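Note sheet for the following structure.
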There are 2 protein chains.
Amino acid sequence: MRHNRATLADVARRAGLSKTAASMVLNGREGTRLSAEAHQRVFAAAEELGYRPNVAARSLRTRKTATIAFVSDVVATTRFAGDLIRGALDAARERDHVLLIAETQGDAAFEQHAIDAMLDRQVDGVIYAAMATRRLTVPPALRTGPVVLLNATSSDGLPCVVPDNERAGRTAVAALLDRGHHDRIALIGRNRPKENDPEISLAAHARLRGIQDALAEAGTTLCREAFCHEWLPEHGFKAMRTILRRSARPTAVICMNDRLAFGVYQALAEAGLAVPDDVSVVSFDDDPIAAWLRPGLSTIGLPHVQMGRRAVELLLDGKATGPTTVPMTMRRRSSIGSPAA
Amino acid sequence: MRHNRATLADVARRAGLSKTAASMVLNGREGTRLSAEAHQRVFAAAEELGYRPNVAARSLRTRKTATIAFVSDVVATTRFAGDLIRGALDAARERDHVLLIAETQGDAAFEQHAIDAMLDRQVDGVIYAAMATRRLTVPPALRTGPVVLLNATSSDGLPCVVPDNERAGRTAVAALLDRGHHDRIALIGRNRPKENDPEISLAAHARLRGIQDALAEAGTTLCREAFCHEWLPEHGFKAMRTILRRSARPTAVICMNDRLAFGVYQALAEAGLAVPDDVSVVSFDDDPIAAWLRPGLSTIGLPHVQMGRRAVELLLDGKATGPTTVPMTMRRRSSIGSPAA
DNA sequence: ACCCATTGCTAAACTGATTTAGCGCGAGCA
DNA sequence: TGCTCGCGCTAAATCAGTTTAGCAATGGGT
């Protein structure tokens, strides 16, 4: 595009100086002894010609492209991807960088292809993102330059940014204890594979620990724990329905995510029970759906935008190593009340 | 990244040939008179060294970067952005291209910045995407090269891809008529600004026309039309509640989108009415929430993935001008039944 | 008068590819 | 023997920048 852009040579010619002079002035090089007048002339010429440097030409020499690769496993599946990207985009813009994106779809061939494509374009660094917080191993090709893992960790001490799920678990419990819930708190969404296989999920384990620890510190435990195959509304629905049929009704339910909570709302409605008067509900993620439920769902949100930001900050500024955790904060709506006396 | 990549010169040296020869062989140039043996040697050398061309260097000469800019107004706000991007990403990968993404957030300064950044990197073309289907005017800087509008149209005859909302409207009506609904069909989500200002939305007007025309052809009209300020669940909830209070109950409701439909479900549940036995519901978009509702919501889906694909296909292959419409297809779930006799 | 340092600037090399122009050699022909 | 032609290949220019090495002019000191 744009075949007729002014080049540095054009600017130099118009300013009556050499390319060298023009380059130095425009790059604001210190220690150069060009006169104030020369500076003026170069700036004026650049301005008049609407000069913009050709990044490809520059990077050929400097090996800097001001371009970051954002490689993720799956972007489309989850709505959260957008936020991760948005945060990264914001931070990149502030630093005059740009994002090259690719998706591996969990396919090794695609991944290789994507990484090659990025490396061929001499990106300055790579953000390797996972859509579900988990542990993964980064492809060796990436180890040749700066990498930061986003929403993932790895065993090789690379810098990475992950949400503080354990603290989030404690926060959920605290919100319930505050309102007087204590003995009759149920948990929905336990899931062995997610809890035990860090390559699938890191969130489930961390949330669970946070919840259990906080409860233990308050001298109590969960009154009921429901296992779910997936964290989708239908599973929350079934789990809640079962709980209502089989046990004494809990005063509060913690759901492992908002989609489960949606299912819980449906089961509660079916049973003619009101949130939060009969049962309080808290959950995690701050999915848009949390705001749409009636009553609004209180949830501890995943800070995707911040995480995206943080990742590019670490990549560009930092010699950071190891994990950076980003706090998850409670989005208070109306799903938590006090237990009926 | 990767400082020690083999260059073309390395390959040539190892093959005992000139850079020229190596370049021609690797690019599979026709009409060159290099011997079969020379070909062998070059391929072998490239293979052994793991040679990959430096895209920046190449593009400096050829002015092709195999890179497409994807500039959108807002990516994060709506979950649909992910699908648009995903489709574009797929098609780009198939053609060995890569996507540079930027977001303007509707801010003119950001937009200028983003466009400059892309142009500085010599992208081969630009996809200019809007998150809500609408008409817009493309910044003049983009007119210097290939552009295609995605989910948007413009007055200057640029190629663009948009969903076929009018046909979607007809489809919704047909699904209802098929089941025997006729006289008592209500519409929820009319909205003057969306319907009348193409710079805000093209979808509302088109859907409405499709609905009205199809109904007229069947010799009937809507029994009720509810206006909504926004297309969010709460507005659908209020609208449906009002309808239930004030008028004879419709046998079916068409919602302008799935979020409104969610609100409608909530109002129906509150009134103790069942979907689809008491009231059938159809809507548009195929938001993930449609699958989560009980019963599953039948909806005419926005083909975002296809649209994203189509946009890069037009950009790279085509000398297409004017609009390309992509069909919206009905996602059948369980929210449409026959009216009670 | 000579030497040296400083000032203000530039020529040329360099980055890694593509592309144009053309060279040397052997065969065929007169 | 001399000329042309085709074959197989290469030198050098080019793209648009950055960077290194260094040149000419001036001024000051001895």
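Order of the sequence lines fixes the chain letters, A, B, ..., with proteins taken first and strands second; residue numbering starts at 1 for each chain. Atom set for the values below is all heavy atoms of this structure, side chains included, hydrogens, waters and symmetry mates excluded. Treat the numbers as computed from the prediction; the structure is a model and nothing was measured.
For D/dC15, the OP1/OP2 oxygens have no side-chain nitrogen or oxygen of B/Ser59 closer than 4.0 Å. A close approach under 4.0 Å does occur between a side-chain nitrogen or oxygen of B/Arg63 and OP1 or OP2 of D/dA16.
Judged by distance alone with a 3.5 Å cut-off, a donor-acceptor contact links the side chain of B/Arg61 to the base of C/dT18. No donor-acceptor contact under 3.5 Å links the side chain of A/Arg58 to the base of D/dG17.
The CG-C1' distance, from B/Asp10 to C/dT15, rounds to 13 Å in whole Å. Rounded to an integer number of Å, the gap from A/Leu8 CG to D/dA16 C1' is 8 Å. Rounding to whole angstrom units, CG of residue B/Leu34 and C1' of D/dG6 are separated by 14 Å. Going from atom CZ of B/Arg33 over to atom P of D/dG8 covers 8 Å, rounded to whole Å. When the P atom of C/dT15 is taken as reference, atom NZ of A/Lys64 falls 17 Å away, rounded to whole Å. In this structure, CD of B/Gln40 is placed 15 Å from P of D/dG8, rounded to the nearest angstrom. Atoms CZ (A/Arg121) and P (C/dG16) sit 18 Å apart, rounded to a whole Å. Following rounding to the nearest Å, A/Glu30 (CD) and D/dT19 (C1') show an atom-to-atom distance of 17 Å.
In this structure, A/Arg93 forms a cation-pi arrangement with B/Phe110, its terminal cationic atom sitting closer than 6.0 Å to the ring centre and no more than 45° off the ring axis.
Under the 4.0 Å criterion applied to side-chain N and carboxylate O atoms, B/Asp10 and B/Arg5 are not assigned as salt-bridge partners. Checked for salt-bridge contact, A/Asp83 and A/Arg86 miss the test: no charged N lies under 4.0 Å from a carboxylate O. We find that B/Asp73 and B/Arg134 are joined by a salt bridge, their nearest charged nitrogen and carboxylate oxygen being less than 4.0 Å apart.
Between the side chains of B/Thr67 and B/Arg121, no donor N or O sits under 3.5 Å from an acceptor N or O. Remark: the B/Arg310 side chain and the B/Thr324 side chain contain no N/O donor-acceptor pair separated by less than 3.5 Å. Using a 3.5 Å distance cut-off with no hydrogens or angles, the side chains of A/Asn151 and A/His304 do not pair a donor with an acceptor.
DNA chain C lies under 4.0 Å from at least one heavy atom of each of the following residues of residues 19-29 of chain B: B/Lys19, B/Thr20, B/Ser23, B/Met24, B/Asn27, B/Arg29.
Of the candidate nucleotides C/dG16, C/dT18, D/dG17, D/dG17 has the atom lying nearest to any side-chain atom of A/Thr7. Between C/dT10, C/dA17, D/dT10, one nucleotide has an atom nearer to the side chain of B/Leu17 than all others, and that is D/dT10.
Within 4.0 Å (heavy atoms only), A/Ala38 reaches sugar-phosphate atoms of the nucleic acid but no base atom.
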